[in-house]
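Notes for the one structure printed next.
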Amino acid sequence: MISARDDEMEPRPAPAILKLLRNLWGSAAGRVGLSCVLLIVACALLDSRIVPYDPNAIDVSVRLAAPSLKHWLGADQLGRDLLSRIIDGSRVVMGIVVVGVGVALAIGMAAGVIAGYGFRTLGAVFALFCDVIRSLPMMLFALAVASLIGTGLGTVTLIVILFLIPVYFRVSRNQTVVLKQSEYVTAARAMGASSLRVMLKHILPNLVGQMVVLVAMDVPTVIGIEAGLSFLGEGARPPLATWGSLLRDGFAFIREAPHIALVAGLPILIATIGFTFLGEALRDSLDPRVIRGPRH
Amino acid sequence: MLWYGVRRIAYGSLVLVTAVGMMFWFIYVVPGDPASVILGPRADEAHRIALRAEMGLDKPIPLQFARFVERLSVGDLGKDVMTQEPIAGLIAHVLPSTLALTFAGLGWALIVGVPIGCWCAMHRDSWGDRLVGIVSMATLALPTTILGIYALLLFAVTLHWLPAIGLGSGVGDKFRHLLLPALTLGLGWVGYLIRAVRASMLEVLQENHVRTFRAFGVPEPRLARRYLLKITIAPVIAVVAIGMGSLLSNAVIIEIIFLRPGIGRLAYDAVLQRNFPIVLGAVLIAAVFYVICSIVAELLIASLDPRVRSSL
Amino acid sequence: MLDIADFSVAYPTDRGRVTAVRDVTLQVREGEVLGLVGESGSGKSTLANAIMTLLPDSAEVSGRMAFAGQDLYSLDRAARRRLRGNGVASVFQDPFTALNPVVKIGRQLIEFQRQKAGRSAAEAKRLAIDMLGRMGISDPAGRMKQYSFELSGGIRQRVMIAAALLTEPRLLIADEPTTALDATTELQVIELLRASRHLVRGSIVFVTHDLGLVAELCDRVAVMYAGEVVEVGATPSVIANPRHPYTRALLACDPRRMIEPSRRFLTIPGKAPDPVSVLQGCAFASRCAEVLAGCAVERPPRWPAAGEEYARCVRLTS
C-alpha cells in the first residue's frame with residue numbers, strides 16, 4: 001500500500017530560508033542588495049518612530065534650505081524636512097509595492113498556472129489581454145486611466161497591478177507547461193490527483209523560486225511607476241509625501257534649489273540598486289543546480 | 001514567408017481591435033459620464049446634454065461602437081473638445097518629434113550596447129565583463145524619471161553643457177536639443193541590451209559550429225561579426241520589440257522633463273485639461289505603433305534565420 | 001609529423017584540479033593513420049583537442065607537442081590559430097551541429113579555406129564544388145547554396161570531411177567522426193575516409209572508442225586510460241597480442257568477439273578513477289584482473305623504455 005502522506009515530503013521551510021539568507025550574504029551583490037532593502041523596509045516599517053520632524057510640518061523660515069545639521073537633507077519649498085518626508089514616503093511606496101505586487105501575483109499566477117495546465121481558450125483570451133496591455137505605453141495609458149477615475153494612490157496601484165499581471169501570467173504559464181511534463185506531476189495524476197490538487201501542491205511550490213526573483217526585480221519597476229505618475233501629478237495628492245511627489249517638487253524648483261531633486265532621487269536609487277542586486281543574488285542562489293532541496 | 005506576414009498582421013489587428021474595444025469600454029461605458037468628465041464639475045446640465053448628444057452618447061452602445069470604429073478607420077480620431085481641431089492633425093504634428101526621440105534613444109543604445117554585449121560574452125568573467133555587468137544592472141533598473149531629472153540636473157542645470165528644454169530650431173540646434181533627452185532615454189536600454197546580447201551570445205558560443213570555425217583558424221572578431229551576430233541578434237530583436245511599449249512610455253516622461261513637444265506632452269496637457277479624446281487618440285496611435293513594431297520585428301527575425309523561414 | 005613528449009593537460013574546476021591528460025608520449029609518423037582508443041573520460045578527446053590547439057584558455061599545459069618539428073605550445077596564440085586550417089585540420093563527432101545553421105554551406109566552405117594563402121574566393125569556391133563532388137555528393141554546385149539543416153547527417157559529415165580536405169592538411173584529426181551516425185551511414189563515411197586516404201598527404205589521428213574501426217583503418221593504435229597512454233603499437237600486433245591488461249580486457253569485451261549468442265555483455269568491472277584525484281601508481285590497478293601488490297604504489301614505466309611502441313605494465317618488466 002503506497003502511503004501518500006504529502007507532509008512527509010514537504011520541504012521544511014525554516015532552515016531553507018536561513019540557508020538562503022546565508023547564501024545571499026555570501027556574495028557581494030547579495031550583501032549590497034540585502035542591506036539596501038533592509039534599510040528601506042526598516043524606514044517603511046518604523047516610519048513615524050524615526051522621523052526627525054513631522055513630515056508635513058511647515059516651517060517657512062527654512063524654505064528651500066540646503067542640507068545642514070538641522071535638516072540633514074535640507075527642506076522643501078514649504079520648509080518641510082526632506083529626510084522625514086523621504087522616510088514617510090517609503091512607507092507609502094512600500095505599501096503600493098506590497099499591495100500591487102501581491103494582487104498582480106495572485107491573479108497573474110492563478111491565470112498562468114490554469115492556462116499552462118491546459119485550459120487553452122481561457123489561456124488564449126487572457127494572453128490576448130496581456131498583449132493588449134503590453135502594447136499600450138504605460139505612462140500614456142496611466143494618464144488616460146487617471147484622467148478617468150481620478151488621481152491618487154489607488155490609481156497608481158491599479159496601474160501597477162495591470163502592468164505586472166502580464167509578466168507573472170507569462171512566466172507562470174510557461175513554467176507550468178514545462179512542469180506539467182515532469183515525472184512527479186505525471187505520477188500524481190496517474191494516482192488520481194485532481195487537477196486542482198496537482199496545481200496547488202506540485203506546480204505552485206516549484207514556481208515560487210522564479211517568482212521571488214521576478215518580484216525582487218519588479219520592485220524597481222513599481223517604484224518607477226509610482227515615481228513617474230506622482231511626478232506627473234497623477235499619483236499622490238499633496239501634501240502626501242511619496243518619492244515621486246518629492247521628485248515633482250524637486251523638478252519644479254530645480255534651478256533655485258537643486259538639492260531637492262538630488263535628495264529626492266536618493267531613496268529611489270538605493271531601492272532600485274538594492275532590489276536589483278538582491279534579485280540577482282536570489283536568482284543565483286535559487287538556481288536549481290545549486291539547491292538540491294527535496295522539492296519533490 | 002508571406003503567409004507568415006499575413007498571420008502576424010492578423011493577430012496584430014486582433015490586438016488593436018481589442019485595444020480599441022477596451023478603450024471604448026473605458027470611456028463610454030465605465031466611468032459614468034464622459035461628458036461631465038470632459039466638461040468638469042461646474043458644467044451646467046444643458047451643456048452636458050448637448051455634449052452628450054454631440055458625442056453620440058445618447059445612442060445605444062453598439063451603435064456608438066460602430067460609429068467609433070467607423071470614424072477610426074478613416075483616421076478620424078475625433079476633435080479636440082476645446083479648440084475643435086481634428087485630433088489626428090494634432091497628433092500628426094507632434095508625432096515626428098516623439099519618433100525622433102524614441103529612435104535616437106534606441107539607436108544609440110543599440111550602437112553602444114550590441115558590441116559591448118558581444119565583447120562581454122566573448123570575454124566572460126573578465127574584469128571588464130564584471131564591471132559592465134554591475135553598471136548595466138544598475139542603469140537598467142533605474143526609473144527613467146530619475147535618470148531624466150538627474151541628467152537634467154547634472155548636464156543642463158549645473159554644468160550648462162546642453163540645453164534643458166525645448167526642441168530647438170535648425171538642424172544643428174535641434175540635434176543639440178535632442179542629445180540629452182535621447183541619451184537619457186537610451187541609457188536604461190543600454191543596460192538591458194547589453195545583458196540580452198550577452199546572454200544570447202553566450203548561448204551561441206556554446207554551439208558546436210563555433211568550434212568548427214575556430215578549428216579552421218577563423219579569427220574571433222571575424223567569427224563573431226560575420227557568423228555569430230546574425231544568430232545572436234534574433235532573440236534580441238524580439239526583446240526590443242516587446243520593450244517598445246515601455247520605450248514610448250519613457251519617452252513620454254522624457255518629453256515632459258525636457259519640455260519637448262511630442263505625443264507625451266500632448267497627452268499630458270490633454271489630461272490636465274481633461275481633454276479626453278486627445279488622450280484616447282494618443283494611446284491608440286501608440287498601440288498601432290507597437291503592433292507595427294512587433295510585426296516588423298518578427299519579419300526581421302524570419303529574414304535573418306532561415307530555419308524560421310523554412311518552418312513557416 | 002607529430003611528436004608528443006611527456007605532455008599533460010590539466011584544468012581547474014569547481015571540484016578541484018582535473019588532470020585530463022597525464023604524461024603522454026606519442027609519435028605520429030608522416031603518412032600513417034594512428035588510432036586513439038579509449039572509453040569516455042580516458043582523455044582521448046582532450047588529447048585530440050590539444051593536438052588541434054583548441055583547448056580552453058583555462059587549460060594548463062606542460063610538456064612538448066611538436067608538429068612538423070615545431071612545439072605548438074611555445075608558439076603564441078595567433079601562430080597556433082594560423083596553423084589551424086593550414087596544416088592541421090579537424091573533423092568532429094556531431095555533424096548535425098558542426099555547421100552554422102544560418103549561413104549557406106558554400107559560404108562556410110569558402111571561409112574555411114581562408115588560411116590558405118593565395119586562394120581567391122572564386123578559386124576557393126571552385127575547389128569546394130570539386131571536393132564535394134569527390135565526396136560523392138550529388139549536385140555539388142546546388143548544395144553550396146543550401147543550409148545545413150536541409151542536408152542529412154551523412155551528407156553533412158561528408159561536407160565536413162570535404163572542408164577538412166580542402167585545407168590540404170598535413171595532419172588530420174578525426175574525433176569520433178562516425179559515433180553520431182547510424183550504422184549504414186557510418187559504413188558509408190568509413191568507406192569514404194578509406195577511399196580519400198590518398199587525398200590526405202599527411203597523417204591522420206583517428207579518435208574512437210570502437211576497436212573494430214581501428215582494426216579496419218589504422219596503421220598504429222594508442223590505447224588510453226585515465227589520461228594516460230597505456231599501450232601503443234602497430235594495429236595488427238596490438239590486436240593479436242595485446243600487452244596491457246586494459247587492452248586485453250577491451251578486446252575481450254568487444255561484442256564482435258562473441259562466439260555464441262548470449263544475453264550478457266562482458267564488461268570491465270569497476271569505475272575509472274575520479275579525474276580530480278591524484279593518482280598513485282598504475283591508473284588501471286583498481287580494475288585490473290592481473291594486479292600485483294606493487295601496482296598501486298608505483299607508476300609502471302614505459303616498456304620498452306625507448307621507441308615508439310610500448311605499454312605501461314609492471315608485468316612486462318619483470
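Below, chains carry the letters A, B, ... as their sequence lines are ordered, and counting in each starts from 1.
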Select, from A/G265, A/G279, A/G244, the one with the greatest count of heavy-atom pairs under 4.5 Å involving chain B.
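Greatest number of close heavy-atom pairs with chain B: A/G265.
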Heavy-atom neighbours of A/F129 CZ exceed 12 at 6.0 Å:
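At most 12 heavy atoms, drawn from other residues, nucleotides or ligands, come within 6.0 Å of this atom.
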Please indicate whether B/Y192 has more than 12 foreign heavy atoms, meaning atoms of other residues, nucleotides or ligands, lying under 6.0 Å from its OH.
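Result for OH/B/Y192: open.
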Need one label for A/F277: side chain, backbone, both or neither, based on atoms under 4.5 Å from any heavy atom in chain B.
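Both parts, backbone and side chain.
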Is it the backbone or the side chain of A/L269 that comes under 4.5 Å from a heavy atom of chain B, or both, or neither?
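Interface part for A/L269: both.
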Considering all heavy atoms, the nearest B/Y268-A/L232 contact:
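Closest approach of B/Y268 to A/L232: OH-O, 2.8 Å.
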What's the shortest heavy-atom distance between A/P220 and B/A141, and which atoms?
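Minimum heavy-atom separation between A/P220 and B/A141: CB-O, 3.8 Å.
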Spatial distance of atom [atom1] ([X]) from atom [atom2] ([Y]) [nearest 0.5 Å]:
{"X": "B/E255", "Y": "A/M139", "atom1": "CD", "atom2": "CE", "result": "13.0 Å"}
{"X": "A/F231", "Y": "B/I257", "atom1": "CZ", "atom2": "CD1", "result": "4.5 Å"}
{"X": "B/L153", "Y": "A/I260", "atom1": "CG", "atom2": "CD1", "result": "11.0 Å"}

Non-hydrogen atoms of chain A under 4.5 Å away: do they reach the side chain of B/F289, the backbone, both or neither?
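Contact with chain A: none, neither part.
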Select, from B/I263, B/L248, B/I256, B/L247, the one with the greatest count of heavy-atom pairs under 4.5 Å involving chain A.
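Of the candidates given, the most pairs with chain A belong to B/I256.
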Among residues 142-150 of chain B, which ones touch chain A with a heavy-atom distance under 4.5 Å?
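So far as heavy atoms go, B/L142, B/P143, B/T145, B/I146, B/I149, B/Y150 are the residues that approach chain A to under 4.5 Å.
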